[in-house]
Engineer: 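After the C-alpha cells below, expect a handful of questions from me.
Computed over heavy atoms, backbone and side chain alike; hydrogens, waters and symmetry mates excluded. Index from 1, following the sequence.
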Amino acid sequence: MTMNTVGRPTRPEGSAANAGFTSLTGARGLLQDEPLIFELGGWDKTGVDLDHAEHDASDLAGLTRAGVPLPGLSEPETVRHFVRLSQKNHAIDLALYPLGSCTMKHNPRLNEKAARMAGFADLHPLAPVSTTQGALELMDRLAHWLKTLTGMPAVAMTPKAGAHGELCGLLCIKAAHEAAGQGLRRTVLVPTSAHGTNPATAAFVGYNVTEIAQTPDGRVDLADLEAKLGPHVAAIMVTNPNTCGLFERDILEISRLTHAAGAYFYCDGANFNAIVGRVRPGDLGVDAMHINLHKTFSTPHGGGGPGAGPVVLSAELAPFAPAPWVVRGAEGLHLVEEATAEAAQAFGRMSAFHGQMGMFVRAYAYMRSHGSDGLRQVAEDAVLNANYIKARLSRAMSPAFPDGPCMHEALFDDAWLEGTGITTLDFAKAMIDEGFHPMTMYFPLVVHGSMLIEPTETESRRELDRFCDALLALAQAARAGDADRFKGAPYLAPLRRLDETLAARKPKLAWRAELTTVAPTPLAAE
C-alpha cells in the first residue's frame with residue numbers, strides 16, 4: 001500500500017523549500033522560530049503566585065534582592081520554549097556525529113536505565129558508608145575491570161574528565177619524583193601529535209613543556225625524543241593512538257628510552273576505544289593513563305559534562321594516588337579518605353567526593369552488557385569503520401597520511417580543495433545543510449586544513465554510506481566550482497553563519513533588561 005499524496009510533492013526537492021521560499025513567521029515547517037526567553041516572556045506576569053510572606057526578610061540583612069529581571073512565562077510556554085530549543089540541537093540520536101578525537105557514540109538506553117535506579121540516582125555523597133555498600137561494590141568492580149583491561153595495578157577513580165585525569169597523573173608523577181629526591185626534574189615532553197590538553201595540563205602543574213617532533217608519517221620522532229631526554233625530564237605525555245588517528249608503532253622503544261632517562265611515561269587514553277580488549281597499556285610500559293569513561297565506555301559526552309576520567313597507575317606511582325579509594329575489610333567496604341598507613345604518600349584529593357556515580361553506573365553497565373569479547377569487538381569495529389570511511393572518501397579527498405590503515409579516526413587535509421577557493425570551514429558549513437554535524441576542523445595543527453573524522457563503532461554500514469555519499473557529493477560540487485553552495489552555507493540551519501572571529505573576540509553574552517511592560521531590547525550586535 002502506498003500513501004495517496006493527492007498530487008502534492010512530499011520530498012524537499014519537490015517543494016518550495018529549495019525555491020527561495022521564506023515563511024511569514026520565520027519557522028521552517030514544524031521547526032518553529034524561537035526567540036530568546038527574554039524576548040518571549042512578559043515582564044508583567046509570573047508563572048506562579050506565592051503567598052505574601054508573614055514575616056519580613058530583615059534577618060537576611062543586605063542579602064535580599066529586589067526587581068530581579070526574569071521573564072515571566074506560564075508552564076506550557078516554558079516547556080515549549082525549551083523543547084523548541086532542543087530541536088535546534090544536533091544530536092547522536094539524529095545522525096552520525098563525526099567529530100574526530102571525541103568518540104561521539106550512541107549511548108545505550110540500558111545504561112541510562114541503570115543509572116536512574118533509585119539506589120544510585122538518589123545517593124547522597126555524605127550518606128553513611130554502611131548505607132552505600134552497593135554503590136561502593138559497583139565502584140570496586142568497575143575499578144577492577146579498568147585495571148584488568150589496562151594491565152595496571154592501581155586506579156584513581158575521582159578525576160572528573162580527561163584533563164582532570166591528566167592533572168591527577170602528573171601530580172602523582174611530581175609527588176613520586178619529589179619523594180625520590182628528584183624534584184629538580186621540571187620538564188615534560190609532549191609530541192606534536194598529542195591532545196592539546198597535554199601541554200596545558202603540564203604547564204598548569206608548573207612544568208616546562210618541550211615539544212617532540214613528528215615524523216613524516218605522523219608518529220613520534222625517536223631521534224628527537226632521545227636528544228631531548230635527560231636528568232631534567234619528569235615525564236613524556238604520549239597520546240596513543242595519537243591525534244592523527246595512528247598507533248605509535250615505536251611505543252615500546254618510547255617507553256624504554258623514557259624509563260632509561262629516569263622519567264615516567266604518561267599515556268593519554270582518550271582514544272582507548274580503538275584498542276580496548278586488544279592492547280593493555282601496562283604491557284607497553286605506561287606509568288599513568290586516564291580513561292575517558294565518557295568516550296570508551298559510552299557514558300554521555302559533550303555539553304560540558306558530566307564526564308569521568310579515572311587514572312590507572314603503575315606499581316611505582318600507585319602509592320601516590322589521591323584519596324579516596326575503596327578498600328574491602330572485615331566489616332565490608334569502606335573509603336580511605338585521609339593520609340593513613342594505607343595512604344601515607346597520597347598527594348591529597350582531586351575533588352570533594354568520590355567521583356561521578358552516574359558515570360560509573362553507565363560504564364559498568366556497558367562493560368557487563370558487552371563482556372570481554374564485546375569490548376574487543378568495540379575496538380575492531382571502531383577501526384574498521386574509520387578505515388571504511390578513509391577508503392571511500394580517499395576517492396575525492398586527500399588523506400593526510402595515505403600509506404597504511406588508520407585507527408579509530410580518518411584524517412584528511414585540504415590539499416584536494418586547492419584552486420577551488422573553498423576552505424575547510426566552508427566545506428564543514430555545507431555539511432550542516434546535508435544534515436550532518438561537521439567533523440573536527442583544523443585539528444590536529446600538524447596537518448594543514450585538517451578534517452578529522454571519527455565514526456565510532458556504533459555506526460552501521462548503511463549510515464556510513466549515507467555520510468560518505470553526502471561528502472562525496474559535496475566534494476564533487478566543490479570541484480565543479482559551485483562556490484555559492486559553500487560560501488554562504490549553512491542555508492537550511494536555524495541560524496546562518498556568524499562572523500566567527502568577531503563572535504569569539506567580542507562576544508555579547510549578557511542581556512540588558514529594560515524593566516518596562518514590554519520585552520527588553522537585546523544588546524546591539526557588534
Side-chain angles (χ1 to χ4, degrees), residues 9-23 28-29 31 88 90 94-100 244-245 386-403 406 409-455 459 461-504:
T10 57
R11 296 180 62 82
E13 59 267 28
S15 68
N18 286 353
F21 176 81
T22 302
S23 67
R28 289 181 176 272
L31 184 60
K88 297 181 186 299
H90 190 74
L94 293 175
L96 185 154
Y97 218 123
L99 281 174
C244 297
N387 279 279
Y388 183 74
I389 281 184
K390 180 180 179 181
R392 284 213 60 194
L393 296 187
S394 292
R395 305 172 189 174
M397 299 165 61
S398 47
F401 302 101
D403 297 333
C406 60
E409 54 195 355
L411 178 59
F412 298 86
D413 59 29
D414 63 353
W416 66 278
L417 286 171
E418 186 175 352
T420 65
I422 296 167
T423 66
T424 291
L425 179 64
D426 296 330
F427 187 81
K429 295 297 185 183
M431 288 175 60
I432 297 174
D433 285 334
E434 305 303 325
F436 291 102
H437 192 286
M439 73 289 279
T440 295
M441 301 176 293
Y442 302 116
F443 181 79
L445 301 177
V446 292
V447 171
H448 192 275
S450 59
M451 307 177 199
L452 187 59
I453 301 173
E454 181 176 0
E459 299 299 339
R461 179 174 175 178
R462 180 195 297 271
E463 280 297 293
L464 295 179
D465 281 335
R466 196 170 74 89
F467 174 75
C468 290
D469 288 345
L471 265 64
L472 290 171
L474 285 173
Q476 183 177 5
R479 286 181 163 163
D482 188 3
D484 289 343
R485 175 181 297 277
F486 298 90
K487 289 299 182 182
Y491 295 100
L492 303 178
L495 295 175
R496 299 293 300 278
R497 193 189 305 198
L498 300 174
D499 183 329
E500 298 195 8
T501 302
L502 205 57

Engineer: Would you give the length of the straight line joining atom CG of L474 to atom CE of M397, rounded to the nearest 0.5 angstrom?
Structural biologist: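 Answer for the CG-CE pair, L474 versus M397, is 9.5 Å.
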Engineer: Counting neighbours of CD on Q476 that are heavy atoms of other residues, nucleotides or ligands and sit closer than 6.0 Å, is the number greater than 12?
Structural biologist: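 Counting neighbours around CD of Q476, 12 or fewer heavy atoms of other residues, nucleotides or ligands fall under 6.0 Å, so no.
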Engineer: Is any side-chain heavy atom of W416 closer than 4.5 Å to a side-chain heavy atom of F427?
Structural biologist: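 Contact flag for W416/F427 side chains = yes.
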Engineer: For the residue pair L471 and R392, establish whether any side-chain heavy-atom pair is separated by less than 4.5 Å.
Structural biologist: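 A side-chain contact is absent here, since even the closest heavy-atom pair is not under 4.5 Å.
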Engineer: At their closest point, which heavy atom of P444 faces which heavy atom of C244, and how far apart are they?
Structural biologist: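 In terms of heavy atoms, the two residues are closest at CG-SG, 4.2 Å.
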Engineer: If you compare all heavy atoms of D413 against all heavy atoms of P399, which two are closest, and at what distance to 0.1 Å?
Structural biologist: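 Minimum heavy-atom contact is OD2-O, 4.3 Å.
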Engineer: Output the distance between atom NE2 (H448) and atom OH (Y442), rounded to the nearest 0.5 Å.
Structural biologist: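 Reported value, rounded in 0.5 Å steps: 8.0 Å.
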Engineer: Contact between L99 and E454 at the side-chain level, heavy atoms closer than 4.5 Å - yes or no?
Structural biologist: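 No. Closest side-chain heavy atoms not under 4.5 Å.
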Engineer: If we ignore hydrogens and angles and just use 3.5 Å, is the side chain of R497 paired with the main-chain N or O of D426 as donor and acceptor?
Structural biologist: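 No.
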Engineer: Find out whether L417 and F412 are in side-chain contact, i.e. whether some heavy atom of one side chain is under 4.5 Å from a heavy atom of the other.
Structural biologist: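 No, too far: nothing below the 4.5 Å cut-off.
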Engineer: Answer whether the closest heavy-atom distance between the side chains of P98 and H437 falls below 4.5 Å.
Structural biologist: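 With C-beta onward as the side chain, the pair touches.
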Engineer: Could you tell me which residues satisfy side chain to side chain contact (heavy atoms under 4.5 Å, CB included) with R462, sequence neighbours excluded, listed by chain and number?
Structural biologist: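 R462 satisfies side chain to side chain contact (heavy atoms under 4.5 Å, CB included) with S460 only.
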Engineer: Check whether any side-chain N or O of D433 sits under 3.5 Å from a backbone N or O of L492 as a donor-acceptor pair, and report yes or no.
Structural biologist: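 Pair found, side chain donor or acceptor close to backbone of L492.
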Engineer: Any non-hydrogen side-chain atom of T424 less than 4.5 Å from a side-chain atom of S450?
Structural biologist: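 Result no, sub-4.5 Å side-chain heavy-atom pair not found.
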Engineer: For L96 and L464, which heavy atoms make the closest approach, and how far apart are they?
Structural biologist: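 So the minimum-distance heavy-atom pair works out to CD1-CD2, 3.8 Å.
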Engineer: Can you tell me if K487 uses its side chain to pair, donor with acceptor, with the backbone of G421 under 3.5 Å?
Structural biologist: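 Yes, the answer is positive, given that a donor and an acceptor are paired below the 3.5 Å cut-off.
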Engineer: Does the side chain of F467 come within less than 4.5 Å of P455's, by heavy atoms?
Structural biologist: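 No, side chains not in contact.
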Engineer: As an exercise, state the distance from CG of L411 to CZ of F443, rounded to the nearest 0.5 Å.
Structural biologist: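 Output value for this atom pair is 10.0 Å.
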Engineer: To check you understand the geometry: which heavy-atom pair defines the closest contact between A396 and A475, and what is its length?
Structural biologist: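 For A396 versus A475, the nearest heavy atoms are CB-CB, 3.9 Å.
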Engineer: With a 4.5 Å cut-off on side-chain heavy atoms, are E459 and I389 touching?
Structural biologist: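 They are not in side-chain contact.
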Engineer: Working note: D465 + Y388, criterion side-chain contact (heavy atoms from CB on, under 4.5 Å); need CA distance, chi angles, decisive distance, verdict.
Structural biologist: CA-CA 9 Å; D465 281 335; Y388 183 74; 2.5 Å; yes
Engineer: At their closest point, which heavy atom of G245 faces which heavy atom of E409, and how far apart are they?
Structural biologist: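 For G245 versus E409, the nearest heavy atoms are CA-CG, 3.5 Å.
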Engineer: Please name all residues satisfying salt bridge (Lys or Arg N to Asp or Glu O under 4.0 Å) with D482, sequence neighbours left out, ordered by chain then number.
Structural biologist: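 Residues passing salt bridge (Lys or Arg N to Asp or Glu O under 4.0 Å) with D482: R485.
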Engineer: Mind listing the closest non-hydrogen atom pair of A483 and I422 along with its distance?
Structural biologist: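 Heavy atoms of A483 and I422 come nearest at CA-CD1, 4.4 Å.
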Engineer: Checking R496 side chain against P490 main chain: does a donor-acceptor pair fall under 3.5 Å?
Structural biologist: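 Checked: pair present.
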